[in-house]
**Student:** 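Please see the structure below; I have some questions.
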Number of protein chains: 2
Amino acid sequence: MIKTMKTKDILYQELKQKIINSDLEPNMPIVEDNISKEFGVSRTPLREALQRLELEDWLVKQRNGRLKVSPVSVNEVKEIFQVRSRIEGLVATEATKKATSKDVEELKRITDLITHAADTDQRSEVVRFGSEFHNYLYELSEHQTAKKLLGQLNDHINRYRRIGPTKSSDRSKSAANEHRQIFEFFASGDHENCGKSMETHINNSLNAAVNSIESYLKLTKENEE
Amino acid sequence: MIKTMKTKDILYQELKQKIINSDLEPNMPIVEDNISKEFGVSRTPLREALQRLELEDWLVKQRNGRLKVSPVSVNEVKEIFQVRSRIEGLVATEATKKATSKDVEELKRITDLITHAADTDQRSEVVRFGSEFHNYLYELSEHQTAKKLLGQLNDHINRYRRIGPTKSSDRSKSAANEHRQIFEFFASGDHENCGKSMETHINNSLNAAVNSIESYLKLTKENEE
DNA sequence: TTATGTATAATTGTATACAATAATTCAATT
DNA sequence: AATTGAATTATTGTATACAATTATACATAA
């Protein structure tokens with residue numbers, strides 16, 4: 001069963017991905033005519049895609065009414081992480097309340113995968129299974145409001161992760177430990193501390209993103225002068 | 001300096017207000033042609049307003065592509081309060097960190113107004129100054145991401161407050177005490193407990209909204225059969 | 001009666017045309 | 001050269017026209 005996607009949804013996805021990948025760089029001007037010709041569509045569905053991107057803070061409208069790709073800033077990434085931290089805490093708490101023994105089993109499996117990947121220095125695998133860990137809690141929590149929010153916040157965080165040429169410090173080992181810690185509280189049904197440790201975990205992961213954005217801002221500033 | 005509002009923004013505001021006021025009731029179908037004629041505008045800006053309302057969960061698109069006003073549910077209002085609780089906690093914490101003696105003075109003034117209103121049974125004034133209390137912390141926190149989110153969550157909560165014929169139990173006295181408690185932590189610079197007590201305060205206020213929605217759902221169900 | 005198919009109408013999705021606004025160019029003036 | 005202002009161009013905002021999809025009404029067959 002295939003749900004045919006409307007033009008505006010395709011445009012939304014494509015453009016968002018381009019922004020996340022820095023194919024469309026911060027502050028780059030967005031002109032409707034150009035993009036509509038580029039994609040071979042009319043301005044009507046494009047404008048709807050652009051409006052959504054604007055509402056979700058991927059684009060900003062300037063005083064003259066023209067759109068540009070949102071700038072990046074240390075302050076913004078900090079804010080995003082702060083909010084994400086709280087919502088992830090909520091989700092972890094609620095997920096713990098709903099957990100069955102089957103869920104504990106499954107999350108243990110994922111936790112072990114993270115640990116193993118960290119032990120064997122497979123950093124991309126740590127990231128991959130880390131996402132799986134978080135997503136499992138999202139689903140288990142059945143918290144639609146939080147899920148929607150986290151989806152958007154994580155997309156923005158991914159942009160910050162990819163922006164600029166960064167060899168971030170390796171947080172694999174500590175991240176693995178933190179996931180283990182979260183899991184322990186989860187398994188014991190201690191929803192309060194599960195949420196707490198999740199909050200801490202997210203706050204700890206902020207630094208990598210901040211370093212990334214700071215080196216990027218430094219570079220662009222150099223190029224400006 | 002007046003910023004001329006575009007048609008879509010006016011439509012967005014008007015329609016959202018109608019939904020909040022239950023002038024447009026839950027599950028009511030939305031037909032573009034009807035509304036565009038009603039407002040005397042073309043479908044183009046209307047569709048952009050409707051899309052925004054959809055993205056912000058005021059409208060939902062059904063499988064057949066038609067829009068309707070979002071239904072209300074106990075589960076949803078609980079979710080909204082849970083998320084709001086966490087974000088308000090974050091904001092209260094951050095605001096405390098930035099507070100000057102001037103801010104403490106001002107928030108004390110508002111707190112006293114709440115207390116006095118509660119003591120003299122002026123319930124609507126308790127609500128009014130209560131909002132002022134929260135808004136003061138929003139501004140002080142300077143947390144754009146959180147402010148935007150709270151704006152949307154509070155709008156939805158206001159819809160739940162107004163829906164259905166409810167004589168909610170009077171929480172004025174306890175709410176006043178809770179604000180006093182939050183203020184005390186704020187004034188002493190204890191940002192951790194300020195956030196904590198704010199979270200608790202929001203969670204306590206959930207019941208009123210739940211009662212409101214439950215009586216509404218009961219009524220509509222009766223009318224259906 | 002119930003189900004099925006088909007024509008019609010209603011509604012949404014997309015493209016295009018036109019209007020309003022903002023930016024740019026460039027001549028005229030100082 | 002620097003400044004102003006009108007004419008032109010570029011861009012966004014709105015309205016309308018057309019295409020695609022979905023719902024409805026109704027006739028027909030089982």
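Just so it is clear: chains get the letters A, B, ... in the order the sequence lines come, proteins before strands, and each one is counted from 1.
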**Student:** Please check if the side chain of A:Y160 supplies one atom and the backbone of A:V74 the other of a donor-acceptor pair under 3.5 Å.
**Tutor:** no
**Student:** Is any side-chain heavy atom of B:L11 closer than 4.5 Å to one of B:T7?
**Tutor:** yes
**Student:** Tell me, do A:W58 and A:R159 make a side-chain contact under 4.5 Å, heavy atoms counted?
**Tutor:** yes
**Student:** Go through A:Q51 and A:E48 one step at a time and tell me if the side-chain contact (heavy atoms from CB on, under 4.5 Å) criterion holds.
**Tutor:** CA-CA 5 Å; A:Q51 171 178 260; A:E48 293 178 352; 5.7 Å; no
**Student:** Please give the stem ranges for DNA chain D, sorted by first residue number, where a stem is three or more consecutive Watson-Crick or G-U pairs and both donor-acceptor distances are under 3.5 Å.
**Tutor:** C:1-30 with D:1-30
**Student:** Starting from the C-alpha separation in whole Å, work towards a yes-or-no answer on side-chain contact (heavy atoms from CB on, under 4.5 Å) for B:R171 and B:S205.
**Tutor:** CA-CA 8 Å; B:R171 248 185 52 81; B:S205 70; 3.9 Å; yes
**Student:** What does the B/S/- profile of nucleotides 3-20 of chain C look like, 5' to 3', with a 4.0 Å heavy-atom cutoff to protein?
**Tutor:** --------SBBBBB----
**Student:** For the side chain of A:E79 and the backbone of B:T145, is there at least one donor-acceptor N/O pair under 3.5 Å apart?
**Tutor:** yes
**Student:** Check whether any side-chain heavy atom of B:L59 sits under 4.5 Å from a side-chain heavy atom of B:V69, and report yes or no.
**Tutor:** yes
